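Please read these numbers as outputs of a predicted model, since none were measured by experiment.
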Amino acid sequence: MSGPDPAIAAVRTAVRDFLTSADRRDELCVAVSGGADSLALAEAAAFVGTRAGLKVRALVVDHGLQDGSAETAAKAAGTARELGVDTAEVLRVNVEGGGGPEAAARRARYRALRSALPESHGLVLLGHTLDDQAETVLLGLGRGSGPRSLAGMRPHDPPWGRPLLGVTRATTRQACRALGVEPWQDPHNADPRFTRVRLRTEVLPLLEDVLSGGVAASLARTAAQLREDTEALDTLAGDVYLRAFTDDGLDVAVLATEPPALRRRVLRRWLLDSGVRELTDAHLRSVDALVGNWRGQGGVWLPGDLVAKRAHGRLSVEAPQSTT
């Protein structure tokens, strides 16, 4: 008797390998949009989960942004049940806030998925593929976002799990064909108004042609290598942070002896912990200059109406005093 289609087997293997390295739990959630990636993932999670004694629960988010979205979400939930998940439910959300509709929808989706978790250490599998990882790396490269962005999406970033980062989009589509299911085609995925769509349909195909193929896989490998480097540097920076941290702020003498790459990681963690939001590379480098290029300059204004200052050998973050 022959085994499953190679594409189905590849997706199942990716899920099994991921769950082997992840924390054991009794219930597994899968985010399902109705597209090929999420349906192939749902089937694999159901197949692997059943054999591991896990209850598999599909979560379908209805953003309400398109006509017939409720019917589309209900169909996705029904297909997930047919593919073997134990339960499937639709989460309806209101998409609002700044940053454009794509960013607002993403925030609403992740908020709904997180709130649906049965416990604080629950896990939601997401259907991001190798192609999605390549697009993420290109976006980060184009924006000059630094190695943290170029490192792409992490396979395990609790409560999110991404077992398919080594599986291509073509494989998930073939898996769906072999399973006999027709994935939903999100019209937004063909809308050239979205940067990611143009990367997918124009930039990556051109790169594949010019560089004779293998570009998406190469970008994904680059992301994995940068992620390993970033995690190692973050570990070293954590040790520096513990030595530099005081009740009065950060000890400049400790920071001044460290390489800029480590120093800025310490500063980034400290500023975020101090309540600074929307921190940019320019902000970070300006604060770093209070250590590495100190000339007695004044404080650095930061988002959230905060100021980073150097005084008496310490860096501190505080709200400016009112002059009224």
Side-chain angles (χ1 to χ4, degrees), residues 7-8 11 14-15 18 28-47 49 56-95 100-117 122-133 135-136 153 155 157 159-165 167-177 179-191 193-194 196-197 199-201:
I8 296 175
V11 179
V15 171
F18 175 83
L28 186 63
C29 295
V30 183
V32 176
S33 66
D37 302 335
S38 66
L39 290 179
L41 176 61
E43 191 280 335
F47 180 87
V56 180
R57 178 179 169 218
L59 303 174
V60 183
V61 178
D62 176 11
H63 300 87
L65 295 177
Q66 302 172 18
D67 293 338
S69 65
E71 292 79 4
T72 298
K75 182 178 179 181
T79 303
R81 294 188 194 97
E82 294 171 2
L83 291 172
V85 303
D86 295 288
T87 62
E89 60 195 272
V90 175
L91 310 174
R92 292 177 175 81
V93 299
N94 292 320
V95 176
E102 190 176 18
R106 186 185 307 109
R107 288 194 301 269
R109 177 168 62 256
Y110 279 86
R111 188 164 53 244
L113 292 171
R114 188 186 293 270
S115 65
L117 287 173
L123 183 66
V124 180
L125 299 187
L126 306 173
H128 295 127
T129 65
L130 181 148
D131 301 86
D132 294 306
Q133 185 75 297
E135 293 161 13
T136 299
M153 297 175 282
D157 186 20
W160 318 118
R162 300 179 177 90
L164 305 187
L165 289 181
V167 176
T168 66
R169 193 174 291 135
T171 299
T172 63
R173 289 171 176 166
Q174 173 55 33
C176 285
R177 284 192 291 269
L179 291 166
V181 297
E182 183 66 30
W184 175 59
Q185 302 293 334
D186 185 349
H188 284 168
N189 288 337
D191 191 337
R193 291 178 299 172
F194 298 111
R196 188 176 284 270
V197 171
L199 282 176
R200 180 177 305 159
T201 60

- Query: For A73, what residues pass the side-chain contact (heavy atoms from CB on, under 4.5 Å) criterion, not counting sequence neighbours?
  - Reply: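 A73: side-chain contact (heavy atoms from CB on, under 4.5 Å) contacts with V60, D62, V90.
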- Task: Taking side-chain contact (heavy atoms from CB on, under 4.5 Å) as the test, write out the residues that go with A190, two or more places apart.
- Result: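 A190: no side-chain contact (heavy atoms from CB on, under 4.5 Å) contacts found.
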Nearest 0.5 Å please: distance from the [atom1] atom of [X] over to the [atom2] atom of [Y].
X: L41; Y: R162; atom1: CG; atom2: CZ; answer: 12.0 Å
X: E82; Y: E43; atom1: CD; atom2: CD; answer: 12.5 Å
X: R196; Y: T201; atom1: CZ; atom2: OG1; answer: 12.5 Å
X: S38; Y: H128; atom1: OG; atom2: NE2; answer: 10.5 Å
X: D37; Y: T168; atom1: CG; atom2: OG1; answer: 9.5 Å
X: K75; Y: E182; atom1: NZ; atom2: CD; answer: 7.5 Å

- In this structure, which one of L59, V56, L123, L126 forms a side-chain contact (heavy atoms from CB on, under 4.5 Å) with C29?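 Among L59, V56, L123, L126, the one meeting side-chain contact (heavy atoms from CB on, under 4.5 Å) with C29 is L59.
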- Among D131, T129, T136, the one residue meeting side-chain contact (heavy atoms from CB on, under 4.5 Å) with Q133: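 The single option meeting the side-chain contact (heavy atoms from CB on, under 4.5 Å) with Q133 is T136.
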- For D157, does the CG atom sit with more than 12 other heavy atoms under 6.0 Å from it, leaving out its own atoms?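 Above 12, so yes.
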Considering non-hydrogen atoms only, spot the tightest contact between [X] and [Y] and give its length.
X: A46; Y: V85; value: CB-N, 3.7 Å
X: A45; Y: V30; value: CB-CG2, 3.7 Å
X: M153; Y: L165; value: O-CD1, 3.4 Å
X: V11; Y: A40; value: CG1-O, 3.6 Å

- Item | Side-chain heavy atoms of D132 within contact of R169, under 4.5 Å |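 Heavy-atom side-chain distance check passes, below 4.5 Å.
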- State, with a plain yes or no, whether a side-chain heavy atom of P183 is found less than 4.5 Å away from one of R173.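 SC-SC contact between P183 and R173 ruled out.
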- Are F47 and V15 close enough, and set up right, to give a side chain to side chain contact (heavy atoms under 4.5 Å, CB included), and what steps lead you there? CA-CA 9 Å; F47 180 87; V15 171; over 6 Å; no
- Tell me, with the steps shown, if F18 and L125 meet side chain to side chain contact (heavy atoms under 4.5 Å, CB included). CA-CA 10 Å; F18 175 83; L125 299 187; 3.7 Å; yes
